[in-house]
Novice: 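Below is one structure. I have some questions about it.
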Amino acid sequence: MPGETFIAIYEIVKRIPMGKVASYGVVAKQLGINPRVVGYALHSNPEPGVIPCHRVVFKDGSLSKGFAFGGEDAQRELLEKEGIRFVSQSKVKSEYILN
DNA sequence: CCGTTGACCAGGC
DNA sequence: GGCCTGGCCAACG
C-alpha cells in the first residue's frame, strides 16, 4: 500500500497527454516534493499499462537507465510509437517536454 | 526509530 | 558536450 505521496504522483503522470513527455522535476514541482521521490514512485510501478510512466524523462530530455521494463530501448520504442522524435539514441527533442 | 537507497537536479570543472 | 559532487526527502528494512 503506497503512501499518499505516491498516489498523487501517479495521478499527475496519468494526465500527461499522448505525444508529450514531462520531466521528473516538473511532476515533483506540481506536488512540492523532491524529484527523486517521483523516480522512486515510478520504480515501484503498481499499474503497468495504466500509468504512462514512459512519458517521464530527465529535464534535458534524456531517458533513465532504470526503466522497469527493458530499459531505455523499450521506453524509446513506446515514445516513438506516439510520434515523439529523438535528437539522439536516448534523448527526446526538447519541444515535446511539458512545463 | 534510524540509516540507507534511489527512474533527480543544479552547479562546477 | 560529458563527468563529478552535494543536496534533496519519501520509502524501506
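First the proteins, then the strands, lettered A, B, ... as listed; each starts at 1.
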Novice: Taking atom NZ as the centre, does A:K14 end up with more than 12 heavy-atom neighbours from other residues, nucleotides or ligands that are less than 6.0 angstrom away?
Specialist: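 More than 12 heavy atoms, drawn from other residues, nucleotides or ligands, come within 6.0 Å of this atom.
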
Novice: Considering only heavy atoms from C-beta outward, does the side chain of A:V56 approach that of A:V21 to under 4.5 Å?
Specialist: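 No, every pair of side-chain atoms sits at 4.5 Å or beyond.
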
Novice: Looking at the side chain of A:T5, which of C:dC9, C:dA11, B:dA7 is the nearest nucleotide?
Specialist: C:dA11

Novice: When you match A:V37 and A:F58 each to their closest nucleotide on DNA chain B, which lands nearer the 5' end?
Specialist: A:V37

Novice: Heavy atoms from C-beta onward define the side chain here; which of B:dA7, B:dC9, C:dA11 lies closest to that of A:P35?
Specialist: B:dC9

Novice: Distance check needed: B:dC8 P versus A:H43 NE2, whole Å only.
Specialist: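 Taking NE2 of A:H43 and P of B:dC8, I get 11 Å after rounding.
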
Novice: Just N and O in the side chain of A:K59: are any of them under 4.0 Å from OP1 or OP2 of B:dC8?
Specialist: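 Looking at the OP1 and OP2 atoms of B:dC8, neither is under 4.0 Å from any side-chain N or O of A:K59.
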
Novice: Can you find an N or O donor on one side and an acceptor on the other, under 3.5 Å apart, linking the side chain of A:Y40 with the base of C:dA10?
Specialist: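 No, no donor-acceptor pair under 3.5 Å.
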
Novice: Of all heavy-atom pairs between A:F67 and A:A74, which one has the smallest distance, and what is that distance?
Specialist: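 Closest approach of A:F67 to A:A74: CE2-CB, 4.4 Å.
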
Novice: Taking CG from A:D60 and P from C:dC3, how many angstroms apart are they, rounded to a whole number?
Specialist: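 Distance check: A:D60 CG to C:dC3 P gives 13 Å.
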
Novice: Please figure out whether A:R36 or A:E4 has its closest DNA chain C nucleotide nearer the 5' end.
Specialist: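 So the residue in question is A:R36.
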
Novice: Send over the distance from A:F6 CZ to C:dA11 P, rounded to a whole Å.
Specialist: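 Result: 5 Å.
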
Novice: Mind calculating the distance between CG (A:L63) and P (B:dC8) to the nearest angstrom?
Specialist: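 Answer to the nearest Å: 12 Å.
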
Novice: Walk me through whether A:K91 and A:L63 qualify under side chain to side chain contact (heavy atoms under 4.5 Å, CB included).
Specialist: CA-CA 6 Å; A:K91 189 168 178 179; A:L63 306 183; over 6 Å; no

Novice: What's the closest nucleotide to the A:N34 side chain, out of C:dC8, C:dA10, B:dC8?
Specialist: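 Among C:dC8, C:dA10, B:dC8, the one nearest the side chain of A:N34 is C:dC8.
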
